[in-house]
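Written out below as structure tokens is the structure these notes cover.
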Amino acid sequence: MSSPDTKAAKLIRKCVIPAAGLGTRFLPATKAVPKEMLPIVDTPTLQYIVEEAVAAGIEDVVVINGRGKSSIEDHFDIGFELETTMRARGKTAEADKLRAIANLVRIISVRQKEPLGLGHAVLCAKSIIGNEPFGVLLGDDMIDAEEPGIGQLARVYQQHQKAVIALMEVPDSETHMYGIAAGKDLGNGVIQIDHVVEKPKKGTAPSNLAVIGRYVLPPSIFPILEKQTTGVGGEIQLTDGLATLQKTEGLLGYKFQGQRYDAGDKVGYLKANIAYALKRPDLRGGLLEYMREVVKTEKS
Ligand code: G1P
């Protein structure tokens, strides 16, 4: 991934990655392994998200985690024993790759002591973010793009000096699964949002524009979240905080460029595995051959 405008991205130095969820949709795999550590091919989903942030120039990554998530910290730390053993066995290149993960970026872990919702998870980063705009990246949403998803939003934030959230059109049958935003098209993929609602009931969505897990927000979101009452699912919802922000300061949406995979859904997760494997020269041939066989057998 490359960032065509690193100056824009530099505007956002910090980001928050909420990773405290229970991952119940992926049980039993997530009984002892955090959902964020489930691999796409051979790399944890969280590593792709951190790499996207790094590619956008982000320097500090605040990971909001919960009980039983220490493997996340270990993954981004130096794996001393593993590395030493690999070097002793002459596997220098592989050991260097492991070291590169530890050197990617500064990771700051914050505990969310109770699963009170996404808005509350973001609020847990308040004292570390301080008084500057910041990114939020949700681990379930993988964005494969030339310009990193969060970097695209940082660019729009810089142009308009307003909070901006990633949007994508979804079918009517899926609007109840997302935050949904509606507003005025300002051109170049930018929407001036006049309405945003978390998981509207079927048939009540104000549009087909779903909120996808990338946000660039001003620090003024924190006092809003502090006052936020519980919403859908009895949780403190980030979307409800954004609805207040829209009224007080304005809120933009951006129809980002790139392919999004919903790694929080089983079929989406499998699709992401296939798509990322097909990009790997060492795996592409064998996988395609197998897929052709499957299609042939399924047809007959
Ligand atoms: C969260 C947000 C929702 C957004 C979605 C994107 O929901 O609350 O607004 O549309 O992520 O993936 P979740 O999927 O965590 O329930």
Side-chain angles (χ1 to χ4, degrees), residues 3-18 52-53 55-60 62 118-119 121-123 125-126 128-138 141 143 145 147-169 178-198 200 205-228 231 236-258 260:
S3 173
D5 187 353
T6 42
K7 236 172 80 207
K10 277 286 172 209
L11 178 79
I12 309 301
R13 297 190 305 124
K14 298 179 182 175
C15 76
V16 180
I17 304 183
E52 177 186 325
I58 284 168
E59 295 161 5
D60 285 336
V62 185
L118 181 58
V122 171
L123 183 57
K126 181 186 168 201
I128 297 165
I129 298 297
N131 196 28
E132 56 184 288
F134 63 100
V136 177
L137 296 91
L138 304 190
D141 290 313
I143 296 180
E147 181 185 9
I150 195 69
Q152 297 181 36
L153 297 197
R155 177 166 50 73
V156 176
Y157 186 97
Q158 191 189 40
Q159 281 159 3
H160 298 265
Q161 293 299 311
K162 218 169 254 176
V164 51
I165 65 180
L167 296 178
M168 185 183 104
E169 272 168 36
Y178 294 93
I180 299 290
K184 189 174 146 204
D185 197 329
L186 301 181
N188 296 322
V190 180
I191 313 284
Q192 187 176 306
I193 295 174
D194 54 35
H195 192 48
V196 62
V197 55
E198 178 68 5
S207 86
N208 281 65
L209 286 176
V211 179
I212 299 303
R214 299 293 183 277
Y215 311 73
V216 173
L217 304 174
S220 49
I221 191 69
F222 292 124
I224 293 174
L225 290 174
E226 271 165 345
K227 284 189 224 111
Q228 190 60 57
I236 297 173
Q237 295 290 351
L238 180 58
T239 306
D240 293 342
L242 294 174
T244 304
L245 191 71
Q246 182 268 320
K247 290 189 188 89
T248 52
E249 295 179 24
L251 177 66
L252 298 176
Y254 184 61
K255 293 196 233 166
F256 61 94
Q257 308 285 317
R260 175 253 183 180

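The chain is numbered in sequence order, starting from 1.
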Test side chain to side chain contact (heavy atoms under 4.5 Å, CB included) applied to Leu252 and Leu186, step by step: CA-CA 10 Å; Leu252 298 176; Leu186 301 181; 4.2 Å; yes
Heavy-atom side-chain contact between Leu138 and Leu118 under 4.5 Å: yes
Atom of Ile143, atom of Gly149 and distance for their closest heavy-atom approach: CG2-CA, 4.3 Å
Polar side-chain atom of Lys14 near backbone of Val62 as donor-acceptor pair, under 3.5 Å: no
Derivation and outcome, side chain to side chain contact (heavy atoms under 4.5 Å, CB included), residues Ile224 and Asp240: CA-CA 9 Å; Ile224 293 174; Asp240 293 342; over 6 Å; no
Criterion side chain to side chain contact (heavy atoms under 4.5 Å, CB included) on Ile150 and Ile12, from CA distance to verdict: CA-CA 9 Å; Ile150 195 69; Ile12 309 301; 5.6 Å; no
Distance, nearest 0.5 Å, that separates NE2 of His195 from CG of Leu209: 12.5 Å
Atom of Gly130, atom of Phe222 and distance for their closest heavy-atom approach: O-CE1, 4.3 Å
Heavy-atom donor-acceptor pair, Gln257 side chain to Glu147 backbone, under 3.5 Å: no
Minimum-distance pair of heavy atoms, taken over all atoms of Ile180 and Ala210: CD1-CA, 3.9 Å
Distance, nearest 0.5 Å, that separates CD of Glu226 from CG of Leu123: 5.5 Å
Between SG on residue Cys15 and CG on residue Leu137, distance to nearest 0.5 Å: 5.0 Å
Asp60/Arg13 ion pair, N-O < 4.0 Å: no
Side chain to side chain donor-acceptor pair (under 3.5 Å) pairs, two or more places apart, involving residues 207-223: Glu52-Arg214, Asp172-Asn208, Ser220-Glu249
Listed partners of Glu198 passing side chain to side chain donor-acceptor pair (under 3.5 Å), at least two apart: Thr239
Over all atoms of both residues, closest heavy-atom pair of Pro148 and Ala56: CG-N, 4.0 Å
Aromatic ring proximity Tyr157/Tyr254, centre distance under 6.0 Å: no
Residue pair Lys255 / Glu169, side-chain heavy-atom distance below 4.5 Å: yes
Leu167 versus Ile212, closest heavy-atom pair with distance: C-CG1, 4.5 Å
Separation of Asp141 CG from Tyr178 OH (nearest 0.5 Å): 7.0 Å
Considering all heavy atoms, the nearest Leu225-Gly241 contact: CD2-CA, 4.2 Å
Gln159 side chain near Val164 side chain, heavy-atom distance below 4.5 Å: no
Derivation of the side chain to side chain contact (heavy atoms under 4.5 Å, CB included) call for Leu153 and Ile165: CA-CA 7 Å; Leu153 297 197; Ile165 65 180; 5.5 Å; no
Set of residues satisfying side-chain contact (heavy atoms from CB on, under 4.5 Å) with respect to Ala163, sequence neighbours excluded: Leu217, Pro218, Leu245, Leu251
Asp194/Lys184 under salt bridge (Lys or Arg N to Asp or Glu O under 4.0 Å): CA gap, chis, key distance, verdict: CA-CA 8 Å; Asp194 54 35; Lys184 189 174 146 204; over 6 Å; no
